[in-house]
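Okay, structure first, notes after.
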2 protein chains.
Amino acid sequence: MALDADAVVAELAARGLRLTRQRRAVVDAVAASRSCLSPLDVFQQARASCPDLGLTTVYRTLELLDEIGALRRIHGPSGCERLVPASAEHGHSVVCSACGRVTEFTDCDMAVVLAAASRETGYRITGHFLQLSGLCAECGAAPDRGRPARRRAKA
Amino acid sequence: MALDADAVVAELAARGLRLTRQRRAVVDAVAASRSCLSPLDVFQQARASCPDLGLTTVYRTLELLDEIGALRRIHGPSGCERLVPASAEHGHSVVCSACGRVTEFTDCDMAVVLAAASRETGYRITGHFLQLSGLCAECGAAPDRGRPARRRAKA
DNA sequence: CCTGAAAGTGAAAACCGTTTTCAAGAGGAG
DNA sequence: CTCCTCTTGAAAACGGTTTTCACTTTCAGG
Ligand SMILES: [Mn+2]
Ligand SMILES: [Mn+2]
Ligand SMILES: [Zn+2]
Ligand SMILES: [Zn+2]
């Protein structure tokens, strides 16, 4: 599901829930982001437009958006508690290792790989989690002038 | 790197480290496992053969084995702090959604998918994290008689 | 308008997996 | 044996997440 207010409103309404001022701020903060965010990041961003927002509500809203399928969890080197807006039903993330930008890609034809995996392991494959890393167009084009790589949490 | 005592000894020695009784117990516990383990799981398993083992040492040893490349981190639905022995240089895990068994597969030709992703996003792709889920041969063959699905942490 | 029920909220406390600290315990080299 | 480095476990500290709780908001029904 795409992460925009209208779609979220509809999905929430279907469950008898509301899009409050606070939830709206969280949705907007995640939707506006071009890189992956921690819950604390979301909190700080969202507070700009909703100063009385509480961190508790951020966690609650993120869980809600996750259930709805409006965001994707990113698997980082030290945990997978990073979040990114989902724009398509089925999509995967590509993370730029230089600047941290995250882009979604949907043209994912895994049939060949899945068949090979099935052959090798004997499993019947029903799902896949795929996340790519590399250099975004900007960082790849001017590697020397690129902004310094983001400091990774903990690592 | 394969996760067996000999290989670990060699790798540790190269760093001036030793394979102590405690580390040995941790290595054996991880190596013997057919599904993914939490650090606490490892602790409990390893304690069987080394009762005076401390949880701190388990964490330290797991980090060591991770650096060495002797284990793989698995991305679960509620975090990615699960561990699995690595048997090949480059490999991915397939997790059985019925019984939890984890198998590694190495025949992973992602060239086509990676090219498509690069075309769609403009990134130069340099790495991929792939994890599959499905039914293992045993669970797929007799879905009715399969052991009940494992209870997932938290979820 | 009231009014009651259900949804929603933030601060504070609890929780819990992980990391750090610290003093003690191996154990190999010389 | 002696020195020095590696190693260890208990306990404390840490930090992100979840729970609790008293309070507020929203809204449908009367
Ligand atoms: Mn896909
Ligand atoms: Mn691969
Ligand atoms: Zn970039
Ligand atoms: Zn199975």
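Below, chain A is the first sequence line, B the second, and so on; all start at residue 1.
Comparing A:Arg18 and B:Thr61 along DNA chain D, the residue whose closest nucleotide (by nearest heavy atom) sits nearer the 5' end is B:Thr61.
Between the C1' atom of D:dT8 and the CZ atom of B:Arg21 lies a distance of 10 Å, rounded to the nearest Å. Atom CG in B:Leu65 sits about 13 Å away from atom P in D:dT7, given to the nearest Å. Rounding to whole angstrom units, CD of residue B:Glu63 and P of D:dT8 are separated by 13 Å. One atom, CG of B:Leu62, and another, P of C:dG17, lie 15 Å apart when rounded to the nearest Å. In this structure, CG of A:Leu17 is placed 10 Å from P of C:dT9, rounded to the nearest angstrom. As a whole-Å value, the separation of A:Leu12 CG from C:dA7 C1' is 12 Å. Taking atom CG on A:Leu19 and atom P on D:dT26, their separation rounds to 12 Å, with Å as the unit. In this entry the distance linking CG of A:Leu55 with P of D:dG15 reads 15 Å, nearest Å.
Side-chain N/O atoms of A:Arg23 include one lying less than 4.0 angstrom from OP1 or OP2 on C:dG8. Contact annotation: B:Thr20 does not reach the phosphate of C:dA26 (side-chain N/O to OP1 or OP2, under 4.0 Å).
Minimum interatomic distance between A:Ile125 and B:Val94 (heavy atoms only, all atoms of both residues): CD1-CG1, 3.6 Å. The two residues A:Ala29 and A:Val42 come nearest to each other via the heavy atoms CB-O, 4.2 Å.
When heavy atoms are screened at a 4.0 angstrom cut-off, A:Thr56 is found touching base atoms of the nucleic acid. At a threshold of 4.0 angstrom between heavy atoms, the contacts of A:Arg60 include nucleobase atoms, whether or not backbone atoms are also involved. Residue contacts shown for B:Leu40 are absent, as no nucleic acid heavy atom lies under 4.0 Å away.
Between the side chains of B:Glu120 and A:Thr106, at least one donor N or O sits under 3.5 Å from an acceptor N or O.
Under the 30°/60° scheme for interplanar angles, the aromatic rings of A:Phe129 and B:His75 are found to lie parallel.
Note that the OG atom of B:Ser33 and the CG atom of B:Leu71 stand 11.0 Å from one another [nearest 0.5 Å].
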